[in-house]
Amino acid sequence: MTSLANQIFTVRETHGRVLRTQNRVIAHSEETGWRSLYAAIFEEAPFHATEPALRHPSLIYHLCRPTQVMRKIEGAARERALIGPRRICVTPGEATTEWQHSGHPEILQVYLRQSIYAAAVDEMYGCDISVAEIVPRFAILDPLLEQLAIAISQHCGTALWKTGSTWIRLPR
């Protein structure tokens with residue numbers, strides 16, 4: 001039997017937001033054969049749902065179209081913000097999360113395979129992930145995560161170019 005870490009990380013292992021018929025898919029990683037993460041760039045239609053815990057942590061990098069977003073992680077306070085380009089939301093994999101927005105943001109959504117995160121924590125810190133939990137973040141600016149998001153998007157079938165404080169998607 002093949003372990004999940006050796007299989008291509010497919011949209012079936014995510015919440016499937018990219019597959020909603022109202023969304024416009026721009027690029028996704030399934031065709032790249034990535035095993036460590038799944039990524040999709042898409043224009044998301046207005047959305048309200050509660051997403052169950054999936055184990056895999058995720059992040060959303062907002063590319064364009066500022067949108068008023070609400071996120072409520074079970075057991076935590078409700079968060080609301082007008083999220084514009086370059087802002088990032090990080091959600092732990094074990095979190096049941098309610099999301100709502102009424103805009104049409106273009107986003108990069110990335111899921112990191114839980115086993116990869118666990119292996120990295122073990123290698124870097126020599127401990128279990130229960131000691132190095134992912135902390136939820138909402139609408140943050142983070143230069144390191146932003147560089148990661150840009151690199152992922154460039155290998156996911158689209159290229160980004162920075163002009164001032166805005167990123168522009170270039171055709172490949």
Side-chain angles (χ1 to χ4, degrees), residues 9-20 22-29 34 36-114 116-118 120-121 129 132-158 160 162 165-169:
F9 201 146
T10 69
V11 69
R12 292 185 307 277
E13 296 178 69
T14 74
H15 292 106
R17 284 165 75 165
V18 69
L19 297 178
R20 291 179 47 236
Q22 306 92 330
N23 294 339
R24 182 177 62 88
V25 179
I26 297 164
H28 67 97
S29 64
W34 292 347
S36 302
L37 62 85
Y38 173 84
I41 299 171
F42 58 102
E43 179 184 333
E44 186 169 50
F47 180 69
H48 185 201
T50 299
E51 297 176 329
L54 285 179
R55 292 189 29 175
H56 307 301
S58 64
L59 73 79
I60 295 174
Y61 178 68
H62 287 256
L63 296 166
C64 65
R65 294 187 206 97
T67 303
Q68 185 71 35
V69 178
M70 183 282 300
R71 178 178 79 173
K72 169 76 172 87
I73 293 178
E74 192 173 81
R78 185 174 307 270
E79 301 167 290
R80 290 183 195 275
L82 178 63
I83 301 179
R86 303 183 62 211
R87 296 287 174 162
I88 298 170
C89 296
V90 177
T91 306
E94 63 278 353
T96 297
T97 309
E98 177 186 6
W99 291 93
Q100 181 177 8
H101 72 76
S102 56
H104 289 270
E106 190 172 300
I107 63 173
L108 165 68
Q109 186 171 38
V110 178
Y111 288 83
L112 177 65
R113 192 177 296 284
Q114 177 70 9
I116 299 299
Y117 176 68
V121 166
I129 59 171
E133 295 180 23
I134 292 177
V135 178
R137 296 289 184 239
F138 186 71
I140 64 167
L141 286 171
D142 184 297
L144 184 60
L145 287 177
E146 181 174 42
Q147 290 305 308
L148 177 64
I150 292 164
I152 290 168
S153 71
Q154 289 174 335
H155 292 283
C156 188
T158 190
L160 297 176
K162 187 173 181 180
S165 63
T166 304
W167 289 97
I168 298 171
R169 185 174 27 83

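Side-chain atoms are counted along with the backbone in the values below, which use heavy atoms only and exclude waters and symmetry mates. Numbering of residues begins at 1 and proceeds along the displayed sequence.
No side-chain heavy atom of Val110 sits less than 4.5 Å from a side-chain heavy atom of Tyr38. Put simply, the side chain of Leu19 reaches to within 4.5 Å of the side chain of Val11, judged on heavy atoms. A 4.5 Å side-chain heavy-atom check between Tyr61 and Arg87 finds every atom pair outside the cut-off. Taking 4.5 Å as the limit, some side-chain heavy atom of Leu59 sits within range of a side-chain heavy atom of Leu145. In this structure, Phe42 and Gln109 have side chains that are in contact, with non-hydrogen atoms separated by less than 4.5 Å. Contact of the Glu44 side chain with the Arg20 side chain is registered, since non-hydrogen atoms from C-beta on lie closer than 4.5 Å. Looking at Arg86 and Leu141, their side chains come closer than 4.5 Å, going by heavy atoms from C-beta outward.
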Check against salt bridge (Lys or Arg N to Asp or Glu O under 4.0 Å), Arg17 and Glu51:
CA-CA 10 Å; Arg17 284 165 75 165; Glu51 297 176 329; 3.6 Å; yes

Which is it for Ile88 and Phe138 under the side-chain contact (heavy atoms from CB on, under 4.5 Å) test, yes or no, and what are the steps along the way?
CA-CA 7 Å; Ile88 298 170; Phe138 186 71; over 6 Å; no

List the steps and the verdict of side-chain contact (heavy atoms from CB on, under 4.5 Å) for Leu63 and Ile41.
CA-CA 9 Å; Leu63 296 166; Ile41 299 171; 3.7 Å; yes

Walk me through whether Tyr117 and His56 qualify under ring pair (Phe, Tyr, Trp, His ring centres under 6.0 Å).
CA-CA 9 Å; Tyr117 176 68; His56 307 301; over 10 Å; no

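More than 12 heavy atoms of other residues, nucleotides or ligands lie within 6.0 Å of CD in Gln68, so this atom counts as buried by the packing criterion.
Scanning all heavy atoms of the two residues, the minimum distance from Val69 to His62 falls at CG2-CE1, 4.4 Å. Here the closest non-hydrogen pair linking Asn23 and Ala45 is OD1-N, 2.7 Å. Nearest approach of Ile152 to Trp34, heavy atoms of both residues: O-CH2, 3.7 Å. Heavy atoms only, all atoms of each residue included: Cys64 and Pro85 are closest at CA-CG, 3.9 Å. Nearest heavy-atom pair, Ile83 versus Cys89, reported as atom, atom and distance to 0.1 Å: CD1-SG, 3.8 Å. In this structure, Val90 and Val135 approach most closely via the heavy-atom pair CG1-O, 4.0 Å.
The closest donor-acceptor contact from the side chain of Thr67 to the backbone of Gly103 lies at 3.5 Å or more, if one exists at all.
When the side-chain contact (heavy atoms from CB on, under 4.5 Å) test is applied to Ala95, the partners found at least two apart in sequence or on another chain are Ile73, Thr91, Pro92, Thr97. Contacts of Glu133 classified as salt bridge (charged side-chain N to carboxylate O under 4.0 Å, His left out), with partners at least two apart in sequence or in another chain: none. Under the salt bridge (charged side-chain N to carboxylate O under 4.0 Å, His left out) criterion, Glu79 pairs with Arg71, sequence neighbours left out. Here Arg12 pairs with Thr10 under the side-chain contact (heavy atoms from CB on, under 4.5 Å) rule; sequence neighbours left out. Every side-chain contact (heavy atoms from CB on, under 4.5 Å) that Glu98 has, sequence neighbours left out, goes to His48, Thr50, Met70, Lys72, Arg78.
With Glu146 as the partner, the side-chain contact (heavy atoms from CB on, under 4.5 Å) test is satisfied by one option alone out of Leu144, Ile150, Leu148: Ile150.
In this structure, Glu13 does not pair ionically with Arg55, as no charged nitrogen and carboxylate oxygen lie closer than 4.0 Å.
Counting only residues at least two apart or in different chains, ring pair (Phe, Tyr, Trp, His ring centres under 6.0 Å) contacts with residues 71-114 comprise His15-Tyr111.
To the nearest 0.5 Å, atoms CG (Leu37) and OG (Ser58) are separated by 12.0 Å.
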